[in-house]
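Beneath this line is the structure, given in structure tokens, with notes to follow.
Sequential numbering from 1 along the given sequence is applied to the chain's residues.
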Amino acid sequence: MSAAGAADTHFGFRTVPLGEKQRMVDEVFHSVARRYDLMNDLMSMGLHRVWKDLLVSRIRPPRSARPFALLDVAGGTGDVSFRTVEAGGAGTRATVADINGGMLTVGRERAAGLGLADRVEFVEANAEELPFPDRSFDATSIAFGIRNVPRMDKALAEMRRVLKPGGRCFVLEFSRVDVPVLDAIYDTYSFKLIPGMGRMVTGDAESYQYLVESIRRFPPPEAFAEMMRAAGLKRVDYTPLTGGIVALHSGVRI
């Protein structure tokens, strides 16, 4: 591979310079921010709510007044954070870190509407360089966002760095369908229907074409588990969900 090629990455099925990917991802999420949650419902047929509820059940915020701090990375509209503080007790707080200001704006508006603005904080931040001290969170999470980070290894290392010892890192991400026939149905749905939905709902088919392609470029579960181990996380495991459409990964900072 040439020196230039070594600095390349993929944006969906396209090869792009590594330094350009973040800008291109930002443009996608600026485009879809206002309809992002609606499109999640349409794309997953509502299943993203079930998957996120399972994630929160694994985060296990205490139902008491005991302090508990979650950092949700790339969680711009606040969905996982809202679910976590609502599931926890009075001591549960969440911080949303996202590089996209448009997504954060939507998240802050949602927090105010839900009466959760005092329990969920929104911070504009790059997942590869989190602006938080070492050992400052009880749990870190990223839901359907890690595949959009140009340097996933750096994001995982940062999510581990800000964890307290004994804290858990969770990654909820699309995966590889492992059920015969379902894989063909899923491919047809993804490539033939989802971009069209994006055009109808947001006026933007291209962004949803990228999102579908980015799912296919994401590493298979065991390869991603090895990335988590390389980032320094221990007791790494993963649970396939819905025939492998999604996997919930986790690891511990020892």
Is there a path of hydrophobic side-chain contacts, each under 4.5 Å between heavy atoms of I, L, V, M, F, W or Y residues, that connects [X] with [Y]?
X    : Y    : result
V177 : Y238 : no
I146 : L233 : yes
V96  : F170 : no
I142 : F137 : yes
I59  : L116 : no

Nearest 0.5 Å, please: how far is [atom2] in [Y] from [atom1] in [X]?
X    : Y    : atom1 : atom2 : result
H48  : L172 : NE2   : CG    : 11.0 Å
E158 : L130 : CD    : CG    : 5.0 Å
M103 : T105 : CE    : OG1   : 10.5 Å
S141 : L55  : OG    : CG    : 5.5 Å
T77  : L104 : OG1   : CG    : 9.5 Å
E86  : L114 : CD    : CG    : 6.0 Å

Query raised in the report: Members other than I254 in its cluster, when Ile, Leu, Val, Met, Phe, Trp, Tyr link by side-chain heavy atoms under 4.5 Å?
Result: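 Listed partners: V252.
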Query raised in the report: Do D79 and R110 pass the salt bridge (charged side-chain N to carboxylate O under 4.0 Å, His left out) test, and can you show the C-alpha distance, the side-chain angles, and the key distance before you say yes or no?
Result: CA-CA 9 Å; D79 215 18; R110 291 186 67 203; 3.5 Å; yes
Judged by atom type as modelled, is there a donor-acceptor pair below 3.5 Å linking the side chain of [X] to the main-chain atoms of [Y]?
X    : Y    : value
N126 : I99  : no
S136 : F132 : no
R119 : A90  : no
S81  : G78  : no
E128 : A155 : no

**Report entry** Presence of salt bridge, E226 and R229, under 4.0 angstrom
**Finding:**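 Result for this pair is yes, salt bridge flagged.
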Query - E121/R93 ion pair, N-O < 4.0 Å - result: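 No, this pair does not count.
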Query raised in the report: For K164, does the NZ atom have more than 12 heavy-atom neighbours from other residues, nucleotides or ligands under 6.0 Å away?
Result: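 Enclosed: over 12 neighbouring heavy atoms sit under 6.0 Å from NZ of K164.
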Which atoms form the tightest heavy-atom contact between [X] and [Y], and what is the distance?
X    : Y    : value
P61  : T92  : CB-OG1, 3.8 Å
F122 : G76  : CE2-O, 3.6 Å
V149 : A127 : CG2-CB, 4.1 Å
L71  : A97  : CD1-CB, 4.0 Å
P220 : R176 : CD-NH2, 3.6 Å
L156 : A231 : CB-CB, 3.7 Å

Query raised in the report: What residue among V85, T84, T95, D72 forms side chain to side chain contact (heavy atoms under 4.5 Å, CB included) with V120?
Result: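 Testing each of V85, T84, T95, D72 against V120, the sole residue satisfying side chain to side chain contact (heavy atoms under 4.5 Å, CB included) is V85.
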Query raised in the report: Can you find a side-chain donor-acceptor pair between R58 and S250 that sits under 3.5 Å?
Result: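 S250 and R58 do have a side-chain donor-acceptor pair below 3.5 Å.
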Query - Evaluation steps, side-chain contact (heavy atoms from CB on, under 4.5 Å), between L163 and C169 - result: CA-CA 8 Å; L163 273 176; C169 171; 3.9 Å; yes
Report task. Take E129 and R151, measure what salt bridge (charged side-chain N to carboxylate O under 4.0 Å, His left out) needs, and give me the verdict at the end. Result -> CA-CA 11 Å; E129 298 177 2; R151 301 170 182 88; over 6 Å; no
Query raised in the report: Given E173 and W51, is the side-chain contact (heavy atoms from CB on, under 4.5 Å) satisfied, shown in steps?
Result: CA-CA 10 Å; E173 189 52 88; W51 299 328; over 6 Å; no
Do [X] and [Y] make a side-chain contact, defined as non-hydrogen atoms from C-beta onward lying under 4.5 Å apart?
X    : Y    : result
M227 : M152 : yes
I245 : S175 : no
R60  : R168 : no
V246 : F144 : yes

Requested in this report: Step by step, work out the side-chain contact (heavy atoms from CB on, under 4.5 Å) result for D53 and R83.
Outcome: CA-CA 7 Å; D53 283 344; R83 291 167 189 270; 2.7 Å; yes
Requested in this report: Determine, using ring centers only, whether H249 and F224 are less than 6.0 Å apart.
Outcome: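 For F224 and H249, the ring centres are under 6.0 Å apart.
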Query raised in the report: What about F174 and F218, are their ring centers closer than 6.0 Å?
Result: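 Ring-ring flag for F174/F218: false, centres at least 6.0 Å apart.
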Report task. Just do the side-chain contact (heavy atoms from CB on, under 4.5 Å) check on L70 and T140 with the steps written out, would you? Result -> CA-CA 6 Å; L70 168 72; T140 56; 5.7 Å; no
